[in-house]
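Following: one structure in structure tokens, then a few remarks.
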Amino acid sequence: MLGYFARRLGYFAVLMVVAAFLSYLLAATALSPRAYFQARQPPPPAAQVEAQLAVLGLDPEQPVVVRFGHWAVAAVHGDLGLSIKGGSVNDEFGRRVGVSLRLLVVGTLLGTVLGVAVGVWGAVRQYRLSDRVTTLVAFVLLSTPTFLLALLLKIGALALNQATGRQLISFTGEGTPGLQGSFAAIVADRGIHLLLPTLSIGLATLATYSRYQRSAMLDVLGSDYLRTAAAKGLSRRTVLVKHGLRTALIPMSTFFAFGFLGVLTGATFTEKIFGWHGMGEWFIDSINNNDVNAVVAVNLFAAGTVLLAGLLADLLHAALDPRVRHG
Amino acid sequence: MAELSAELLAEAADTAARAPAGRLRVTARRFLRHRGALVGTVVVALLFVLAFAGPLFAQWSYHDIDYAALRQPPSPAHWWGTNGIGQDIFAQTVRGLQKSLLIGLAVAVSATALAALVGAVAGYFGGRSERLLLFVVDLLLIFPSFLIISIISPRLRTGGWVAFIGLLAIFGWMISARVVRTLTISLKERQFVRAAQFMGVRPLTIIVRHILPSTASFLIIDATIAVGGAVMTETSLSYFGFGVQPPDVSLGTLIADGTTSAVTYPWIFFFPAVLLVVFVVAVNLVGDGLRDAIDPTSGSARTIGRPVARATRRPGDAVLDVNDLHVSFGSAPVVRGVDLTVRRGEVLGIVGESGSGKSVTALAILGLLPAQASVTGSIGVLGEQVIGASRRTLDRLRGNRVAIVFQDSLSALTPVYRVGDQLAEAVRAHRDVDRATAARRAVELLTLVGIPDPEVRAQAFPEEFSGGMRQRVMIAMAIANDPDLIIADEPTTALDVTVQAQILDVLRTAQRETGAALVLISHDLGVIARMADRVAVMYAGRVVEQATAAELFARPLMPYTLGLIGALPRLDAGRDRPLVPIPGRPPSPQHHTGCPFADRCPMMEAACRTAEPALLGPAGHQVACRRADEIPSDPFEVYGVHAPPSARTSAGPVVLDVRGLAKTFPQFRGKVFKRRIGSVFAVDGVDLHIRRGETLALVGESGCGKSTTLFEILRLEPPEAGSVELLGRRIDGTLDPAGRAALRGDVQLVFQDPMASLDPRLPVGDIIAEPMRAQHAREAAIAARVPEVLRLVGLEAGHAQRFPHEFSGGQRQRIAIARALSVEPALLVLDEPVSALDVSVQAGVLNLLRDLKARLGLAYLFVTHDLAVVATIADRVSVMYLGRIVETGDVDSVFGAPRHPYTQALLSAVPVPDPAVERGRERILLIGEPPGAGTRTPGCRFRARCPRYAELDRPALCAEREPALTEGVACHFAGQL
């Protein structure tokens, strides 16, 4: 069991290193930091640009592998380099990571739990009205790109605020800047700001999970062992929950690992649209600024969280399936 | 999103891959019935028309600027209004839709094609290509493709949107490729692919001819959903400026334009946004409809009309009293008026072929039928009505007063709970006892059903149990609460014959201990003869004959029963007894106007077709046949079967000579990171000799290595150890590919399951021609040969144009035999060729094989677990145990006077379909189960289960030295009986 997780971690570490190398390679070759400096008004002299690039570790004269080597040595010591504006990537990372994680964790948790519940309900009531309605809603949600969902939520809130003439739902940033008041007022303000971004991440997750859970549950509902459980004289509830749901949850842990990637991508749009200063917003801005070191840092964050989700999925699997622990 | 659905789709598509090609029409009908899919299709079509025909009607081009109309709401001049610089929203949206659709389509098609190719190759060849694929997919999962595309895409100014399509496709194929790989791996194990491999068809031909067509259904659905996914990705990227670049537009850039003024000038935002969502929803609906149409398990639950459950009368107070039971699914009746009565302590046997309604009857008795089943009539258990009973009543009856033992399946027990806990749960469901007491009772029950080490085994999970042990657990569960009635539905069907004997014994013990009545359902007349006091024969959803066991087997009155008894190969009858082939096939569920057996009945007369005969006669022997009084009691007379020509031909030259053949497999542990922990000695020194005109049967229980032996011979590669000589040609390093290809024509294979071994997508003519094509036969020769072999196996030349699903099981096995015979082989290898067939059609195939051998002078290597079949068809027999031959010789002498204790036990475990013989027999019960394949222990490998070893007080010789096969038997004490 422990050995298994140790080996998993080893494999993840290899993946992480390869991912770091590839993202550096890609960012360093595809982005053009020189363009960033040249676009300044007035354009700085060539020599100054070269010097600036060298400071950033982006000297185009050096082979990209050598540049990666320098970056990697520093990164292992915990230094992710300088951003193109001259600030420390580490500092910016520190400022933004909490923002993103807050959004990701709340949205994923809510979406997963509710999605599983809706899925099970739909499977048990297959082809009834409630199943058809949830299926249809899930379909529309699954067919709406996250950016559009976020936009629609935002436009809806805006229209609501205008119609009522009050700021019912705030949706820009994490909180009202400079808000003074009691602790409760600040929490309430934060909560209101969290509402729409969480919805736009959570709804997409909910829709996905409800479909998978429904399908997994339907598979289990037709299984021989559920029939055996019913033949023992167990009540329908025990049969469905103890024997059915428990088993149907196991494949979901795998989807959790896969699905997190989609959540992460969705979060990027959500942050940008709702003006949250998180990792996703930073990523889009960094690409537009040709900021190589920042782009690599965000890629590392993405790889790290996906692997973490993978590890979590493994743990979840072990928790749900005693055979894993036993073997 | 699309990636995830792909994973789930794999299963549906795999099911679809098993479906025959003729299902296409059924699939189309199911698709059209799917309302959502229909709407989706129409919407997608309309949007395509709008995207490509729209510009023809619009007054404006998408880049025209109307300076006089800025931010105009919809009007006759600008149908959908204008944007901030006076561009026509209709023209722009149509142009954006066009672009998005083109990109979506192009990406989906190219990504799916790439996925199919890479997945099939990686899955088929495995090894390095496969590991590379998996690593790339893992890498892409943590290194999101969206991020990569955002970085690269804006730099692709030169290539424009074509390069953008390429980029999306390159990053969009991996997940589908992985699914195709999974499908390919499972297809590779399918018998029709293995059959092609053994015929010598080249790998690339197999991929193109068999693998890719079988994954087509998955690929079509996948590509459909991928269109939606690609459009979503494209618009997302374009929204942020990473996709389609101005001045060109896509739905994404249009939505971006409209965002800032969405509340004040909604038309700029909402027209493109709504079109986007509508299109993706429609595409997904089409994909969902396709999946439902292809997957036979989904959607079929929608029956017409509401199912009824109506009890028609008050039940009697017998243990079981079934009266006029009718069960139907939708409009298809499955059980059509069954009456059964079982009294305390009695054993009722129900016998019937597949589709006779016997299992549905069993489920109905426990109220376990699926919700869409309509049930009428009356089912009384101890005087309580089951039909329409409340959940509470059913919960109280089930597992308490009436219990059931299902056919063994891997998933009969919940996989995630320990066996002891599941037993304890059954106890606690009906008794108010604490956990510790229930756990103790579970161990007691395990002891009672003969599970060794019950305390330890109670802690194990179901997957750690063998089939026989799982079945013991099922019986323990059934008797947990001392029921009054036990129903056993094919309890021993999936088990080996020695284990079957044990389980039947346990069932007897269980019945004796509880004093319960037993309803034993089986297709095996031998099992019924051994166990039942009274027998009901079911056919087409009805009981057609009912009598005491002795009476039924001695004086069967219904032609069907007569046929069944005559069709069954018997251990005690020998090769000169003919087998009765009942023509036709068992009927599918339907309404019958006349006697349902009329089409197959030799005694049929016109009146039989007008009305269905009722079950009549004295209580001791009832029969549903108009002519019961006139029927002779000899099946051979009724069916007009004569003794077969003496099959004994003088033995010719040696066709196959195998000496000391060995095959070991590495044994691994761990699921993700495999470690080799040892070797499995699957075949461990096997000798076989077959002459022309001779049938050698290789018998043994599962895991004994008989199939491995067979595939080692068919591989035509130098063996790991020992030698294989085919037609005098030794298979060793000197055999070049050309020589090997030529030899492939001399040895052909017939698989167990004719459904699986024929590619459902090929017409019969192509299937039969496959070995000839592999031998590079000329097309003219093939065209001449196909009708010839079809006639040879009793089919018609015209059948070549049909597809396998149009034939019955027996006919399909004839097609498989025709395919094998097409290249005129010297040796036919038959791997359990009749065990997947119903008894009534089995006989026809066995008769055909006997006949072909006599006419063509073939040699057969006949692999089977069924000793009665061996007695019917083989000249010589070799009995295999744990990778070695333990006894070999003429069938008459080996079966007449077996010398190895294992052969003796095997023979005594086979039930004979005659209660008079069966009940008088003394039986040698083996202890334990056939051990897992290939463990090599010093000394005799059978001694752990050997009754003689125990009898002789465990002589040291058996533990020290492995007995050699001398004079046809490998036992140190063969002489001492």
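Chain identifiers are assigned alphabetically (A, B, ...) following the order of the sequence lines, protein sequences preceding nucleic acid strands; residue numbering begins at 1 within each chain. A quick note: this is a predicted structure, and the numbers were derived from the prediction, not measured.
B:Ala426 and A:Lys232 make their closest contact through CB-CD, 3.4 Å (heavy atoms, listed as atom of the first residue, atom of the second, distance). Closest of all the heavy-atom pairs between B:Ala262 and A:Ile155 is CB-CD1, 3.2 Å. When all heavy atoms of A:Phe139 and B:Leu285 are compared, the pair lying nearest together is CE2-N, 4.0 Å. B:Thr414 and A:Tyr225 make their closest contact through N-CB, 3.3 Å (heavy atoms, listed as atom of the first residue, atom of the second, distance). In terms of heavy-atom proximity, A:Lys242 sits nearest to B:Tyr417 at O-OH, 2.6 Å. Closest non-hydrogen pair, B:Leu276 versus A:Pro145, comes out as CD2-CG, 3.8 Å.
Between B:Phe240 and A:Phe147, the ring planes are perpendicular. Angles over 60° get that label, and only those under 30° would be called parallel.
Of the atoms belonging to B:Pro415, heavy atoms from both backbone and side chain fall under 4.5 Å from chain A. Using a 4.5 Å cut-off between heavy atoms, B:Ala403 makes no contact with chain A at all. For chain A, no part of B:Leu394 is nearby; none of its heavy atoms comes within less than 4.5 Å. In this structure, the portion of B:Phe242 lying under 4.5 Å from any heavy atom of chain A is its side chain and not its backbone. Within the 4.5 angstrom heavy-atom criterion, only side-chain atoms of B:Leu363, from C-beta onward, approach chain A. Contact annotation for A:Leu234: both backbone and side-chain heavy atoms come within less than 4.5 Å of a heavy atom of chain B.
Using modelled atom types and a 3.5 Å distance limit, the side chains of A:His243 and B:Glu425 yield a donor-acceptor pair.
In terms of modelled atom types and a separation under 3.5 Å, the side chain of A:Thr228 and the main chain of B:Leu413 share no donor-acceptor contact.
The choice from B:Gly36, B:Ala371, B:Ser150 that makes the most heavy-atom pairs within less than 4.5 Å of chain A is B:Ser150. Each of B:Val278, B:Val281, B:Thr233 has some count of heavy-atom pairs under 4.5 Å with chain A, and the biggest count is that of B:Val281. Ranked by non-hydrogen atom pairs under 4.5 Å with chain A, the options B:Leu366, B:Ile404, B:Asp288, B:Asn400 are led by B:Asp288.
Distance check: B:Arg428 CZ to A:Thr238 OG1 gives 11.0 Å after rounding to the nearest 0.5 Å. The distance from the CG atom of B:Asn284 to the CZ atom of A:Arg211 is 10.0 Å, given to the nearest 0.5 Å.
Annotation: cation-pi pair A:Lys272/B:Tyr239 absent, no NZ/CZ under 6.0 Å from the ring centroid and within 45° of its normal.
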